Amino acid sequence: MEERGVWSMDERRVWMRKEYGGERSMEGRKTNIPFLLNVLENQKFLNGTVDTYFIDEHPELFQFQQSRNRAQKLLNYIGTVLVNGPSTPLATGLKPAEIHPHVPDVPLDFSAQAASADSDSEGDYVGLEPPRGLRHILQKEGPAGFAKAVRANKGLLLMDTTFRDAHQSLLATRVRTHDLLRISPYVAHNFNHLYSLENWGG
């Protein structure tokens, strides 16, 4: 750990400029960092001859240099290109490859009753009811029944965040709601034992 005794005004100025000035970039919330940097550049402040009227007598302390905000502009550009595609003509006439993700099958109900009652057209069959899990207990027995079932469980209860992460970042994943809905029946049939499943992120 670095220990310092008494700092000179110039040493403190250099340290504060390094800590809050050119070597850091803070976006989003507004701060008083530009004001502090102006104070550190003021010769009267550096000479240690300030009094309680210092700020009143130096309105130029509130004249801030507009940040170029380059990092946020770059992120906005990358996100726009990833979501909407490039806005400039492509160097090649080749179209992007079409990817059709494989959706695993789910069990179907081939009974005559299911085919006649729930099918949209002749020859279609509906999926079997997914296995029951904690969600059904919560719906049927309420929070008290849900809590009782959780306490009675002797195994490890897991929460899956795949759907949440798929929505979380446009730059990293960009999975569409359309695709999440396509895979949902498979998830319902094969992950009913999960404690919970997060399905939205923002």
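All values below were derived from every heavy atom in this structure, side-chain atoms included, with hydrogens, water molecules and symmetry-related copies excluded. Only a predicted model underlies this, so the values are computations on that prediction, with no experimental measurement involved. Positions are given from 1, in the same order as the sequence printed here.
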Checklist entry - By side-chain contact (heavy atoms from CB on, under 4.5 Å), which residues pair with Leu158, not counting sequence neighbours? => result Leu156, Leu194
Checklist outcome for this item: Taking every heavy atom of Lys44 against every heavy atom of Val50, the minimum-distance pair comes out as O-CG1, 3.8 Å
Item to check | Distance-only side-chain donor-acceptor flag, Thr49 / Asn47, under 3.5 Å | outcome: no
Next on the checklist: Does any part of the side chain of Pro185, heavy atoms only, come nearer than 4.5 Å to the side chain of Val106, both counted from C-beta?
Outcome noted: yes
Next on the checklist: Would you say CZ of Phe62 has more than 12 non-hydrogen atoms from neighbouring residues, nucleotides or ligands within 6.0 angstrom?
Outcome noted: yes
Checklist entry - Looking at CD of Glu198 and CE of Met159, how far apart are the two atoms once the value is rounded to the nearest 0.5 Å? => result 4.5 Å
Item to check | Flag, side chain of His189 to backbone of Leu128, donor-acceptor distance under 3.5 Å | outcome: yes
Item to check | Nearest heavy-atom neighbours spanning Asn153 and Gly155 | outcome: OD1-N, 2.7 Å
Item to check | same_hphob_cluster(Phe191, Ile183) at 4.5 Å side-chain heavy-atom cutoff | outcome: yes
Item to check | Co-membership, hydrophobic cluster, residues Leu197 and Tyr186, 4.5 Å side-chain | outcome: yes
Item to check | Considering all heavy atoms, the nearest Glu60-Asn38 contact | outcome: O-ND2, 3.9 Å
Next on the checklist: Between Asn32 and Phe64, does the side-chain contact (heavy atoms from CB on, under 4.5 Å) criterion hold? Intermediate values first, please.
Outcome noted: CA-CA 10 Å; Asn32 66 342; Phe64 307 135; over 6 Å; no
Side-chain donor/acceptor pairs under 3.5 Å, residues 131-152, sequence neighbours excluded:
unit_1 : atom_1 : unit_2 : atom_2 : d
His136 : ND1    : Gly133 : N      : 3.1

Next on the checklist: To the closest 0.5 Å, what do you measure between CD (Glu57) and OG1 (Thr52)?
Outcome noted: 8.5 Å
Checklist entry - Can you list every pair that meets salt bridge (Lys or Arg N to Asp or Glu O under 4.0 Å) and has a residue in residues 186-196, with sequence neighbours left out? => result none
Next on the checklist: According to a hydrophobic-cluster definition based on side-chain heavy atoms being under 4.5 Å apart (Ile, Leu, Val, Met, Phe, Trp, Tyr only), do Phe54 and Leu40 belong together?
Outcome noted: yes
Checklist entry - Measuring from Leu61:CG to Phe45:CZ, what's the distance to the nearest 0.5 Å? => result 10.0 Å
Checklist entry - Rounded to the nearest 0.5 Å, what separation is found between the NZ atom of Lys73 and the CD1 atom of Ile78? => result 14.5 Å
